[in-house]
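Here the structure is laid out as C-alpha cells; the discussion comes afterwards.
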Amino acid sequence: MESFYITTAIDYVNGSPHLGHAYEKVLTDVIARFRRQRGDRVHFLTGVDEHGQKVQASAKKRGIPPQQFCDEVSAEFRALLPKLNITNDDFIRTTEARHQRVVRQVLQQLHDQGQIYLDEYRGFYSTRQEQFLQDKDRNPDGSWPEIYGEVTEITESNYFFRLRQHQEWLVDFLMQNEHFIFPAYRQKQVLEFLKEPLNDLCISRPRERLEWGIRLPFDENYVTYVWFDALLNYYSAVADKPGVWPATIHVIGKDILVPPHAVYWPIMLHAAGLPLPKGIVAHGWWLQRGAKMSKSTGNALNPLDLVAEFGVDAFRYFLIREMNVGQDSDFTLEQFMVRYNSELANNLGNLVNRTLNMTTRFAGGVVPAAGPDTELEQGLRALWAATRDAFIPLCEDFQFHTALERAMVFLTETNAYIEKRAPWKLGKSAAPEDAALLRTSLATMAEALRLAVTLIQHVTPATADKVRAVLGHAPGPDWKAELDWGGRLTGAKVAPALVLFPRPAPPTKP
RNA sequence: GCCAGGGUAGCUCAGUGGUAGAGCAGAGGACUCAUAAGCCUUUGGUCGCCGGUUCAAUCCCGGCCCCUGGCACCA
C-alpha cells in the first residue's frame, strides 16, 4: 500500500470562498478519490491561513478579536467542503496549537543552525497602509499614489532566512527531478526565475507593526511573516503522524507557485533536513470573460447556487470536464448548460432512465443473463476495454478532461448499441431467438452503465452510487475488479425509473 | 524588454511531410424504450501573415503580426 499525501493550498480567511477556492478543492478531491480507490493509503489535507495584516485589520474594523474573526470566516470555508462532497481527512488552521508548535520548533532549529539571522531592512513605508512599498508601486512620475498617504524611508531590524545559500542546490534538484512541477512548462519558468540571484527572505515583522502572528521562539518582539507560517501547515498537520510526510502532491494555484511553493518551500525543507514533496500541481484560473455578470442584470453566477440548483455532481463534472489542469478556462452559464444538457442529462441520464424503463417493461424489472453474444456486443466490449485502459493513465497524468471525454464516447456508443439492437422491437416479437437477443441487450446496456459510472466515480461519486443503487448493485471493495465486464448484475432487481439530471424548468413568465 | 505557451469549422479544441478532424451549435431523416431525449446523415475551414527548404507543408526553417501567462519578497 503506497502512502499518498495530498494537500490543497490553505485559504486566506480575509474573504468569502469563491469559484477558485471551490475548484481547487474539487480537483484535489478528484485526485484523492482516484488514488484511494486504486488502493493507495491517502491522506488529504486542506485548511485555512489565519494570520497576517489583513485579518488583523478586518477584525479591528469589525471591532472583534482576530481569533473570533478567524473562527467565523474559517467556519464558512469549512462549510464549503461537505457541500462539494470533499473527502478531506484533516482540516488545519494556522492558529491551532499543533501548527504553532511546529512552526516555532522549525524556526528555532534553523536559527540554531545559523540559517536565520538578524539584519536591517531599509525601505519606503506607508503609515496609512502599514506596509513597505516597492518601486513598482510608484506612479510613472516617481511619486507615491495618494492611497498610501505619507511615505517615509525607514530602517527596520528583521530576521532573514538564508535563501541564497541554497540556490544552486535547488537548481540541481530541479534539473534532476524534471517532473517535480506540473505542468512541465511551469518548471521551466522556475528555472528561468532561478537564473537571477536570490535575495535572502525576510521572515519576520516587529510586533508593533503586526501583532497577529506566531512569535519567533528566539525573539518575542517579532512574529513570523507569511511563509514560515503558511507553508509549514503541510508539515505541521502530519508531524505527529508517522509515515505520512513527505507530501506526494501539493495542489496550488499558479499564482503561488513562483516563488513560494517552487523556491521558498523546497529550500525551507532542505535547510531543515526534511524530505521534499514528490511534486507540485499548479492549476489555472477560472475566468469570466464574455458578458460581465452582475446582480443588477440578474445574471450573477454563484458557484454554490449552481450546486444547489443542479447538484454537486453536475458542478464537479463541469469543473473537471471543462478545465485542462494547468490552463485557464472560461466559466460561463452557457457552457455549463451545454455540458449539463448534452453530456449529463441526455447522454448519461437518459441512458439510465431508458435502461431502467426497458428492463422493467420487457423483463419484469430483473436484469436477465446475457443470451447470444454477437458482433454488436463484442464491439461494445472492445470499446469498453479500450476506454478503461486509456482512462486510467489519463487520470494519472491529470488529463481528467480527456479521460471524461473518453467515458462520454463510450456512453454515446452504448446509446448507439441500443438503437441497433432495438429491444423495443425484440420485446414485441414472439420468436424465441428474439427473446434471447432481448436478454442480451438488456444485460449489455445495464452492464455498460454500471461500468461507466464506476469509471468516473471519483468525479461524480453521488451519481455513481445512485446509478448502482437503481441497478440493484452493491459494489465490492476492489475498484479495478469492478471495472471488469461480467455478469454481476444478472438477477438484480432494478428501479422502475430515475431522472438523474433533470432538464431545468423553463423560466416562468410573470 | 526578457522567457514560455498559443493563433485550425460559429464555439471549445485534437492533429499529421502527401486530398483537413472531433465534440457542441446549425440543417435533414428514420425510429419510439427514454429527460421533445437517443440514433443516422449532413452544411461549414485561404489550418494568423510573408518568404524559404521539399516532388509535396497546416505540420520543418526564417521574419512579421496578434493573444495569453510568468518575471520575487505581494494570501
Side-chain angles (χ1 to χ4, degrees), chain A residues 9-15 48-55 94 121 123 131-134 136-137 160-161 163 183-203 225-227 229-231 253-260 262-264 282 284-285 287 290 321-322 324 326-330 332 334-335 337-339 341-362 401-402 405 408-409 411-428 441-442 445 497-504:
Chain A
I10 51 175
D11 298 316
Y12 196 57
V13 295
N14 195 42
V48 283
D49 180 9
E50 302 190 310
H51 290 127
Q53 195 94 53
K54 288 177 184 169
V55 168
T94 55
Y121 179 78
Q131 62 170 282
F132 278 94
L133 304 176
Q134 308 303 316
K136 68 180 178 185
D137 296 322
F160 289 80
F161 172 53
L163 208 59
Y185 77 92
R186 294 277 175 204
Q187 179 138 348
K188 288 185 196 160
Q189 283 184 353
V190 175
L191 285 166
E192 198 61 35
F193 175 83
L194 288 170
K195 284 180 179 169
E196 297 295 316
L198 292 170
N199 294 326
D200 285 347
L201 181 65
C202 179
I203 61 155
Y225 182 66
V226 183
W227 306 119
D229 185 351
L231 289 168
K254 64 182 185 181
D255 58 326
I256 52 172
L257 177 67
V258 183
V263 177
Y264 301 163
W285 289 123
L287 308 175
R321 172 72 178 89
E322 195 69 12
N324 183 346
Q327 297 183 5
D328 293 343
S329 208
D330 260 330
T332 66
E334 289 71 22
Q335 190 62 11
M337 292 318 300
V338 164
R339 295 291 184 205
N341 284 325
S342 75
E343 298 188 359
L344 292 177
N346 298 348
N347 210 7
L348 172 58
N350 185 53
L351 174 61
V352 172
N353 204 31
R354 65 198 304 214
T355 298
L356 297 178
N357 198 288
M358 282 188 271
T359 305
T360 300
R361 184 184 296 216
F362 301 122
H401 64 303
T402 309
E405 189 178 14
M408 273 301 134
V409 168
L411 288 171
T412 295
E413 286 306 309
T414 303
N415 274 313
Y417 163 81
I418 294 172
E419 298 295 330
K420 288 172 195 151
R421 193 46 93 204
W424 51 92
K425 284 183 185 165
L426 299 171
K428 290 167 188 163
S441 64
L442 294 175
M445 67 178 86
L498 172 67
V499 176
L500 251 188
F501 296 99
R503 297 294 289 258

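Quick note on labels: first sequence line is chain A, next is B, and so on, each numbered from 1.
As judged by a 4.0 angstrom heavy-atom cut-off over every strand, A:L257 is placed among residues making no nucleic acid contact.
Atom pair A:L344:CG and B:G23:P shows a separation of 18 Å (rounding to whole Å applied). The distance from atom CG of A:L348 to atom P of B:A34 is 18 Å, rounded to the nearest whole Å. Rounded to whole Å, the distance from CH2 on A:W424 to P on B:U32 is 8 Å. Here B:C24 presents its C1' atom at 11 Å from CD of A:E405, a figure rounded to the nearest Å. Remark: C1' of B:U32 and CZ of A:R421 are 18 Å apart, rounded to the nearest angstrom. Straight-line distance from the CZ atom of A:F161 to the P atom of B:C73: 18 Å, rounded to whole Å. Nucleotide B:G70 holds its P atom 13 Å from the CD1 atom of A:I256, rounded to whole Å.
Minimum atom distance to the side chain of A:D328 is reached by B:G69, of the listed B:A75, B:C33, B:G69. For A:P259, the side-chain atoms get nearest to B:C74 when compared with the rest of B:C74, B:C33, B:G69. Looking at the side chain of A:L201, the nearest of the listed nucleotides B:C71, B:G70, B:C73 is B:C73. Side-chain atoms of A:K428 lie closest to B:C33 of the nucleotides B:A34, B:A75, B:C33. Here the nucleotide nearest the side chain of A:Y225, chosen from B:A75, B:C31, B:C71, is B:A75.
Residue A:R361 has a polar side-chain atom (N or O) positioned under 4.0 Å from OP1 or OP2 of B:A34.
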- [ ] Begin from the C-alpha positions of A:F193 and A:L198 and carry the test side chain to side chain contact (heavy atoms under 4.5 Å, CB included) through to its verdict.
- [x] CA-CA 9 Å; A:F193 175 83; A:L198 292 170; 3.9 Å; yes
Task: Worked verdict on A:K254 versus A:D328 for side chain to side chain contact (heavy atoms under 4.5 Å, CB included) - done: CA-CA 10 Å; A:K254 64 182 185 181; A:D328 293 343; 2.7 Å; yes
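With A:D200 contributing its side chain and A:L163 its backbone, the two residues share a donor-acceptor pair below 3.5 Å. Panel note: side chain A:N341, backbone A:M337; a donor-acceptor pair is recorded below 3.5 Å. No donor-acceptor distance shorter than 3.5 angstrom exists from the side chain of A:Y264 to the backbone of A:V258, with no hydrogens or angles considered. Without hydrogens or angle criteria, A:T94 side chain to A:E50 main chain gives a donor-acceptor distance under 3.5 Å.
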Open item on the list: Give the dot-bracket line for RNA chain B from 5' end to 3' end: parentheses for intra-strand Watson-Crick or G-U pairs under 3.5 Å, square brackets for crossings, | for inter-strand pairing, dots for unpaired.
Closed with: (((((((..((((....[..)))).((((.........)))).....(((((..]....))))))))))))....
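Taking atom P in both B:G21 and B:U41, one finds a spacing of 15 Å when rounded to whole Å.
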Open item on the list: Output one letter per nucleotide in nucleotides 36-41 of chain B: B when a protein non-hydrogen atom lies under 4.0 Å from the base, S when only the sugar-phosphate is that close, - when neither is.
Closed with: -SBS--
Tabulate atom names and distances for all N/O pairs under 3.5 angstrom spanning the protein and nucleotides 2-10 of chain B.
none

